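All chains are named by letter (A, B, ...) in the order of the sequence lines, taking the proteins before the strands, and each is independently numbered beginning at 1. Keep in mind it's a predicted model, so treat the numbers as computed, not measured.
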Amino acid sequence: MAPEKEQAKETRLETMRHSASHVMAEAVKAMFPEAKFGIGPAIEAGFYYDFDLPRTLNPDDLPAIEEKMRSIIAADTPFTRKEVTKEEARRLFADQPYKIELIDELDDETVSVYQQGTFTDMCRGPHVNSTGEIKAVKLVSTAGAYWRGDEHNKMLQRIYGVAFDTQEALDEHLARLKEMARRDHRKLGRELDLFSIQDEFGPGLVLWHPKGAIIRREIEDFWKDEHVRRGYDIVYTPHLARMELWRTSGHLEFYLDYLYSPMDVEGQKYIMKPMNCLGHILIYKTKLHSYRELPIRYAELGTVYRYERSGVLHGLSRVRGFTQDDAHIFCRFDQLEDEITGVLDLALFMIDSFQFSNYQVMLSTRPDKCAGSPEVWEKATGILRKALERAGLSYEIDPGEGVFYGPKIDIKFESALGKAWQGPTIQVDFNLPPRFDVTYIGEDGQEHSVVMVHRTVLGSMERFLATLIEHYGGAFPLWLAPVQVKLIPVADRHLEYAHKLAGELKAAGIRAEVDTRAERINFKIRQAQLEKIPYMLVVGDKEAEAGTVSVRRRSGEQLADQPFDGFKKKVSEAIASRTMDIV
RNA sequence: GCCAGCGUAGCUCAGUGGUAGAGCAGCGGUUUCGUAAACCGCCGGCCAAGAGUUCGACUCUCUUCGCUGGCUCCA
């Protein structure tokens, strides 16, 4: 489809979804005449509307509301638009406090109202011509939502719905949701025995099981090698540090909500570190640095602890203790652009290595409350922009969304099913170098403040693994697969041959296992398949005699029988080159 | 933290005021088998925790903990 046509379709869908939210509001009003209405916009795939109702909704209410919506749609009543003065609007919505609040904030002298049937709502529009144009609708969930997203306001009741052009498109969407549930990293994490999070140990704290640990270690080794290759120095810093350090940094002030309470160690207060930067700064500061030494890049897979409210914890992607793939770059201002360019290159290399394709780049600029002068911000933001352009990346500006200490670049990428994930982030820091007096000696023999860059390219091991599990649906590429080859002896008399081959594979650095159970091969194949093991080698009389193996992929595809040595070599090569598959 | 829903065996789920059930997994046997589930048997639960109502609570009420979907926030 041509881009403009695609866009037109999107707009039309959005209009229809927005109209669907009005129809839902009408249905809700029929059920609760005293309902107060918040807002009801179109969102991705559907719409929502926020209501203030006399009683709480439960999921059983949805079918009734949906039923009412269907009758409104079947009646095919027209949407009519009317312009009224603000004064008139206030009269019209006299019993609707939320609408009044919105009217009061509008700059225009007139507001538009839309009516369908007996239901009137203040709305910018546009809408479809009549309710009959709303095709396939389904209400999916209820939720509490603060009025205007502010937790100091009253919590309203939100109903989410989805709406599409055709029933087929709706069904497709529901099927996609089902597929996403099937790939949910929490579900696959348990099924594939990768990790667990247990109440008994503590919510938001991850226990990595052997198989999950293999994947993590492979990624970490890859990450470290690549960083060393790119001129980073690997460092390690402790998980606890004296609280005073965090007062100096300003975290105690700006970051208090995320910090755990201090513990007393021989009369001194210590806290779990929420970030790795201070350790790196103190390493840097153990000696004087010449301008010639810069840039210095310290990298650490650093585990940090942050308090997260109980309601926001989610599998591996939102936890209370996590390991960032962190690094801090200390450089001169004139080196900043090259350094940012280098990080962008590394970030893209990582995205590519894990086969993510769609990504979106955001550049966040100066917020109201910030450290550093506007001029320095302006200059640094310009440098980030230049680096992005040099890398040939298109990006969007997120005005005022920078961290208080400097502008930043965020890259979001999409998993195979189109779910968006927070990926690499690069932040310039104007706050810490002056606070900790982080300097170098310049050509002029004087001390100069360094420019500091915080960056991650994966985010955190926990969140990144969540992404990967869902991206691959648990079927990891060969180099990451916890078990790479499963040997399946046809009968007990083939155990010896299977063990011999497994031994040779292991000697070649390939993770191989023999299924020694007294089961039929159908059963063993099914098991291996469910475990998403890349290759199954069925070995029986034929193979033992000829020194060959019968290779089956986890996709179910059967490869030609082949000499074992050739198979071993191909697997070794595929692992080394981190390709998805052999041949 | 807030709103709603949920919490029964390792997993997936039945049960609904009268002292708990299935399939899979696990364990013990039998079967030695050629590309997605062989057969028989056994074990397994303070029904999330605590309090209350009741002659009697997995079931009803309250509190706490946790999980799920949102809100807010973020690696």
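Taking 4.0 angstrom as the limit, A:R158 places none of its side-chain polar atoms (N or O) nearer than this to OP1 or OP2 of B:rG70. Contact annotation: A:S310 reaches the phosphate of B:rG1 (side-chain N/O to OP1 or OP2, under 4.0 Å). Proximity of A:R552 to the phosphate of B:rA36: a side-chain N or O atom is located under 4.0 Å from OP1 or OP2. Between A:R320 and B:rA75, a side-chain N or O to OP1/OP2 separation shorter than 4.0 Å is absent. Between A:R190 and B:rU12, a side-chain N or O to OP1/OP2 separation shorter than 4.0 Å is present.
Ring geometry for A:H471 versus A:F356: interplanar angle under 30°, hence parallel rather than tilted (30 to 60°). Taking the six-membered ring for Trp and thresholds of 30 and 60 degrees, A:Y405 and A:H454 have ring planes inclined between 30 and 60 degrees apart. Ring geometry, A:F349 versus A:F222: the interplanar angle falls from 30° to 60°, so the pair is classed tilted. The aromatic rings of A:W208 and A:F195 sit tilted relative to each other, their planes meeting at an angle between 30° and 60°.
Residue A:R455 is out of contact with every strand shown, counting any heavy-atom pair closer than 4.0 Å. Looking at heavy-atom distances under 4.0 Å, A:D541 makes contact with a base. Within 4.0 Å of A:L313, counting heavy atoms only, lie sugar-phosphate atoms of the nucleic acid but no base atom. In this structure, A:T456 reaches neither bases nor backbone, as no heavy-atom distance under 4.0 Å exists between it and the strands shown. Residue A:E191 is classed as having no contact, given no heavy-atom separation below 4.0 Å to the nucleic acid. Here A:N522 lies in heavy-atom contact (under 4.0 Å) with sugar-phosphate atoms only. A:G144 comes within 4.0 angstrom of a nucleotide base, judged by non-hydrogen atoms across all strands. The residue A:V319 sits close to a base: some heavy atom pair falls under 4.0 Å. The residue A:A528 sits apart from the nucleic acid: no heavy atom pair falls under 4.0 Å. In this structure, A:Q422 reaches the sugar-phosphate backbone alone: every heavy-atom distance under 4.0 Å involves primed, P, OP1 or OP2 atoms, never a base. No engagement by A:K524 is indicated, since no non-hydrogen atom pair under 4.0 Å with the nucleic acid exists. Among the heavy atoms of the strands lying under 4.0 Å from A:G149 are primed sugar atoms or P, OP1, OP2 only; no base atom is included. When heavy atoms are screened at a 4.0 angstrom cut-off, A:Q324 is found touching the sugar-phosphate backbone but no base atom. When heavy atoms are screened at a 4.0 angstrom cut-off, A:E543 is found touching base atoms of the nucleic acid.
Between B:rC46 and B:rU59, the distance separating the two P atoms is 16 Å to the nearest Å.
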Detail all sub-3.5 Å separations between protein N/O atoms and N/O atoms belonging to nucleotides 40-48 of chain B.
none

Hey, what are the protein-to-nucleotides 24-28 of chain B N/O distances that come in under 3.5 Å?
none

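When the P atom of B:rA36 is taken as reference, atom CD of A:E531 falls 16 Å away, rounded to whole Å. The nearest whole Å value for the distance from the CG atom in A:D561 to the C1' atom in B:rG34 is 11 Å. Rounded to an integer number of Å, the gap from A:R309 CZ to B:rC3 C1' is 13 Å.
Defined by atom type and a distance below 3.5 Å, a donor-acceptor pair is missing between the side-chain atoms of A:S353 and A:E226.
In this structure, the aromatic ring of A:Y160 is not positioned over the six-membered ring of the base of B:rG70 within 5.5 Å between centres and 30° between planes.
Classification of A:D150 and A:R148 as a salt-bridged pair fails, no side-chain N sitting under 4.0 Å from a carboxylate O.
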